[in-house]
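Residue numbers run from 1 in the order of the sequence given. Because the structure is predicted, anything quoted here is derived from the model rather than measured.
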Amino acid sequence: MTNYWANSAYKTLAISPDRQLLVTDDFLRTYMARPELALVPESCPAERALHQRLTDNPRVEVVEADIAAMADEDIQENYRVWLRYRARLLSASSLEAFYMSLFKGEGVDVPPLFISLLAQIFIRHILGDEAHPLEVRMGEIFFRNQKITVIEDGIVMGADEEVVARNAQAGDTGNIMDLLKGKSMIMRSADLDVLHEDNADEYWSRNEDFDLAVQLNFGHEPINRFCRVLEKWVKHFLGASVRITPMQQISDPKWSWHVGLDAAATEILNKLYNKELVEADELQKVICLFRLDFIDEAAVAKAQAGKPVYMAIAMNDQQQLKLKPQNLLFNLPLAKAS
């Protein structure tokens, strides 16, 4: 058993009999330690008092006067955001129900960072303590943007964008930057900056460094593992069993449904579906295509029964893969609940 992503706050949550995550006081306290709310030497007495009250009792009622008494207006706004977020958390039956509610209605009113933190917690929960390290690394894509680089022979590499940017700013390119500039495949497999089947267990010692790159080409194990994570994501949230398979092209004259797993992929798939012209340089942004089949036919809408759903991931103009995992929860052709 491996306790990875220990800083994710996952272990502070309770688990219901049906495997849903339940908010606890300890979970709420983790937000008080975050940089947005943590005390600093300059914190005024009113801020210190409110911080202590919320640490002692994370569900305590806070009124506007408590916030207005703080000297720093930025901190005031941080508390208003947090308290709106807390109210929605506590009104939901589970963390999953809260997450699903975020994407319904008039739009998301929660900081993107908070949504990413939740996605990490869900992936940690879904994969469990016996997870395969390659699945865990591919699970990082659900909550951390990837910098995509295509090197010689069409090899597509993904590395954590924040780590790449930090190394570049520090002026210390290190092995990852060397890798992304096109190191030979022999050199790449000799160091541990690229995670693959043969060195997968190395992930555990670096699981919160987010500094291991992966090859994202069709036919390579990381993409296969990504499919397994997607399947488990759908099963956990929607209760539907699906099979997801990587593809190299879509040649289905009866193509009837698709889901882009990020904004760039959505735009490209929409154009292809509508038989619009897609330039070669835009097609080259596609990292991988996928086919989703419902194992549980009762879960799918009758009009889509027996038909596949096509999916894709793609990089944007900035060579980023910015996954939107919620797309897979809201855009599938599911049968309406009775």
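- The pair Asp317-Lys285 counts as a salt bridge, with a side-chain nitrogen and a carboxylate oxygen less than 4.0 angstrom apart.
- Put simply, the side chain of Val62 does not reach to within 4.5 Å of the side chain of Trp82, judged on heavy atoms.
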Using the side chain to side chain contact (heavy atoms under 4.5 Å, CB included) rule, take Thr149 and Ile151 through it: C-alpha gap first, then chi angles, then the decisive distance, then the call. CA-CA 6 Å; Thr149 304; Ile151 51 183; 3.9 Å; yes
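- Rounding to the nearest 0.5 Å gives a distance of 10.5 Å between CE of Met32 and CZ of Arg53.
- In this structure, Gln76 contributes its side chain and Met70 its backbone to a donor-acceptor pair below 3.5 Å.
- Considering CZ of Arg225 and CD of Glu221, their distance stands at 5.0 Å, rounded to 0.5 Å.
- When each of Tyr203, Phe143, Phe142, Tyr10 is checked for a ring pair (Phe, Tyr, Trp, His ring centres under 6.0 Å) with Trp5, only Phe143 meets the rule.
- Under a 3.5 Å cut-off, the side chain of Asn78 and the backbone N or O of Glu36 do form a donor-acceptor pair.
- Side chain of Asp153 to main chain of Ile155: no donor-acceptor pair is present (N/O by atom type, distance under 3.5 Å, no hydrogens or angles).
- The main-chain N or O of Thr12 is never found under 3.5 Å from a side-chain atom of Arg29 such that the two would form a donor-acceptor pair.
- Side chain of Gln146 to backbone of Arg144: a donor-acceptor contact under 3.5 angstrom is found.
- In this structure, Phe290 has its ring center no closer than 6.0 Å to that of Tyr310.
- For the residue pair Asn217/Gln215, the side-chain donor-acceptor check at 3.5 Å is satisfied.
- The neighbour count for Glu276 CD, taken as heavy atoms of other residues, nucleotides or ligands under 6.0 Å away, is above 12.
- Between His236 and His125, the distance separating the two ring centers is shorter than 6.0 angstrom.
- The pair Lys271-Glu267 meets the salt-bridge criterion, since a charged nitrogen lies less than 4.0 angstrom from a carboxylate oxygen.
- Within the 4.5 Å cutoff, no side-chain heavy atoms of Ile244 are placed close to those of Phe226.
- Ile313 contributes atom CD1, which lies 7.5 Å from atom CG of Asp262 (distance to the nearest 0.5 angstrom).
- Without hydrogens or angle criteria, Asp66 side chain to Val63 main chain gives a donor-acceptor distance under 3.5 Å.
- Between Phe122 and Phe237, the ring-plane angle classifies as perpendicular under the 30° and 60° cut-offs.
- The shortest side-chain heavy-atom distance between Arg166 and Val163 falls under the 4.5 Å cut-off.
- With a 6.0 Å radius and a threshold of 12 heavy atoms from other residues, nucleotides or ligands, Arg243 has its CZ atom at or below the threshold.
- Within the 3.5 Å criterion, the main-chain N or O of Thr266 finds a donor-acceptor partner in the side chain of Asn270.
- Aromatic pair Phe114/Tyr31: ring centres closer than 6.0 Å.
- Judged purely by distance below 3.5 Å, without hydrogens or angles, the side chains of Ser43 and Glu47 pair a donor atom with an acceptor atom.
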Show your reasoning for whether side chain to side chain contact (heavy atoms under 4.5 Å, CB included) applies to Leu22 and Leu95. CA-CA 6 Å; Leu22 306 177; Leu95 203 60; over 6 Å; no
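- To the nearest 0.5 Å, atom OG1 of residue Thr24 and atom CD1 of residue Ile15 are 11.0 Å apart.
- For the pair Glu202 (side chain) and Leu195 (backbone), a donor-acceptor distance under 3.5 Å is absent.
- Under the 3.5 Å distance criterion, with hydrogens and angles disregarded, a donor-acceptor pair is assigned to the side chains of Glu208 and Asn7.
- Aromatic ring centres of Phe98 and Tyr85: separated by under 6.0 Å.
- With respect to the salt-bridge test (charged N to carboxylate O, under 4.0 angstrom), the residues Glu135 and Arg228 do not qualify.
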Could you go step by step and tell me if Lys322 and Leu261 meet the side chain to side chain contact (heavy atoms under 4.5 Å, CB included) rule? CA-CA 9 Å; Lys322 303 178 74 169; Leu261 299 180; over 6 Å; no
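- Counting only distance, with no hydrogens or angles, the side chain of Lys147 and the backbone of Gln318 share a donor-acceptor pair below 3.5 Å.
- Under the 4.0 Å criterion applied to side-chain N and carboxylate O atoms, Asp160 and Arg137 are not assigned as salt-bridge partners.
- Residues Pro41 and Arg48 share a closest heavy-atom pair of O-NH2, 3.4 Å.
- To the nearest 0.5 angstrom, Leu13 atom CG is 9.0 Å from Leu28 atom CG.
- In this structure, Leu289 CG and Gln248 CD are separated by 9.0 Å, a value rounded to the nearest 0.5 Å.
- Between Ala71 and Cys44, the closest heavy-atom pair is N-SG, 3.4 Å.
- Distance alone, capped at 3.5 Å, places no donor-acceptor pair between the Asp209 side chain and the Asp211 backbone.
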Start with the C-alpha gap between Gln52 and Asp56, add the side-chain angles, then the distance that decides, and say whether side chain to side chain donor-acceptor pair (under 3.5 Å) holds. CA-CA 6 Å; Gln52 188 61 53; Asp56 293 342; 2.9 Å; yes
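- Ring-plane geometry between Tyr99 and Trp233 is classed as perpendicular, the angle between the planes exceeding 60 degrees on a 0 to 90 degree scale with a lower cut at 30.
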Between Glu162 and Asn145, is a side chain to side chain contact (heavy atoms under 4.5 Å, CB included) present by the stated rule, with each step listed? CA-CA 8 Å; Glu162 184 179 313; Asn145 293 341; over 6 Å; no
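- Between Ile115 and Leu118 there is no side-chain heavy-atom pair separated by less than 4.5 Å.
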